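Have a look at the structure below before the remarks.
Note that this is a predicted model, so its numbers are computed, not measured.
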Amino acid sequence: MPTIAIVGAGPGMGLAIARTFGSRGFDVALIARNRDKLDALVGRLDAEGITAAGFCADVLDHEALTQALKDAATRFDRIDVLEYSPAGSLESASLTTPSQAAPSDVQWAMDILLYGAMVATQAVLPSMRAAGAGTLLYTNGAGSADPNPMLGNLNAAQAALRNWALGLHKELTGTGIQAAHIAIGAWIGTDGPPGVPTAPAEDVAPLYWDLHTRRDEAERAFTA
C-alpha cells in the first residue's frame with residue numbers, strides 16, 4: 001500500500017488530508033507533538049477503515065522529526081507522499097508589521113515553516129530519488145504571495161517557504177518526484193476571527209489529491 005506522511009497532523013486539515021488519501025488506498029503516518037491527540041486521530045481513521053499510525057515529533061527538533069519519518073518509513077515500508085503543515089505550532093505566535101519586525105521576530109517562523117520543511121524533505125527525498133517517484137506537498141498561507149501588513153514577520157517566512165518549494169519543484173522536474181505548494185486563503189473551521197473568510201477542511205483537501213495525481217502544477221491557491 002502507498003503511504004502518506006502528514007507532518008503537523010491535527011483534527012482539521014491533517015485529518016481531512018488523511019481521509020482524502022486513506023479513502024483512496026493510502027496508509028497514513030501522522031506526525032505531531034502530542035501523543036494523546038495522535039492516538040485520537042489514529043482511532044478515528046481506524047474506525048473508518050483507514051490504516052494509520054502516529055509518531056511523536058516537534059518540527060523544531062530536527063533529530064526527532066527525522067527519526068519520526070524514518071520510523072514511519074519502517075512501519076509502512078516507504079513514504080510515497082510527504083505533506084508538511086505545522087500550523088498548530090503557530091497558534092501562540094507573536095505577530096509584527098514589516099516595519100516593526102526584528103530578525104528575532106522572523107526567526108521562529110523560519111524555524112517552523114522553512115527549516116522544518118527542509119529537514120522533513122531531506123528525510124524522505126533520498127528514498128524517493130531511488131524509487132524515481134514521490135510527492136512533496138507544502139501547506140502555507142495566502143500571505144506567502146499576498147502579504148498582510150499585520151502579519152509581516154509570519155508572511156516573510158511564508159514567502160521563504162513558497163520560494164523554496166517552487167524552486168524544489170523546478171529542480172525535481174523530470175525525476176518522477178512532484179513538489180508543490182498550497183496557499184490557503186481562509187481560516188480552516190468555523191472559529192475564525194471576525195471578518196476572516198472560513199472554509200471546511202474537506203473543501204481544501206481535494207487540492208492535495210489533484211496535485212499528487214496531475215503532477216504538472218507547482219502551486220495551487222485556495223480562497224473561500
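- Judged as a ring-ring contact (aromatic ring centres under 6.0 Å, His included), and not counting sequence neighbours, H181 has no contacts.
- Contacts of A142 classified as side-chain contact (heavy atoms from CB on, under 4.5 Å), with partners at least two apart in sequence or in another chain: none.
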Do any side-chain atoms of residues 201-208 form donor-acceptor pairs under 3.5 angstrom with protein atoms, and if so which ones, sequence neighbours left out?
from	atom 1	to	atom 2	distance (Å)
Y208	OH	T139	OG1	2.7

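- For R44, there are no salt bridge (charged side-chain N to carboxylate O under 4.0 Å, His left out) partners, not counting sequence neighbours.
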Only distances under 3.5 Å count here; give the side-chain donor-acceptor pairs of residues 48-57 to other protein atoms, sequence neighbours excluded, each with its distance to 0.1 Å.
from	atom 1	to	atom 2	distance (Å)
E48	OE1	R19	NE	3.1
E48	OE2	R19	NE	3.0
E48	OE2	R19	NH2	2.7

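- Applying the salt bridge (charged side-chain N to carboxylate O under 4.0 Å, His left out) test to D80 and every residue at least two apart in sequence or in another chain returns R78.
- Among residues two or more places apart in sequence or in another chain, the side chain to side chain donor-acceptor pair (under 3.5 Å) test is passed with T121 by Y138.
- When the side chain to side chain donor-acceptor pair (under 3.5 Å) test is applied to D111, the partners found at least two apart in sequence or on another chain are Q107.
- Taking T97 as the reference, S99, Q100, M150 meet the side-chain contact (heavy atoms from CB on, under 4.5 Å) condition, with sequence neighbours excluded.
- With sequence neighbours excluded, no residue satisfies salt bridge (charged side-chain N to carboxylate O under 4.0 Å, His left out) with D77.
- Every side-chain contact (heavy atoms from CB on, under 4.5 Å) that R214 has, sequence neighbours left out, goes to D210, D216, E217, R220.
- Annotation: side-chain contact (heavy atoms from CB on, under 4.5 Å) contacts of R129 (sequence neighbours excluded): L125, E171, L172, I177.
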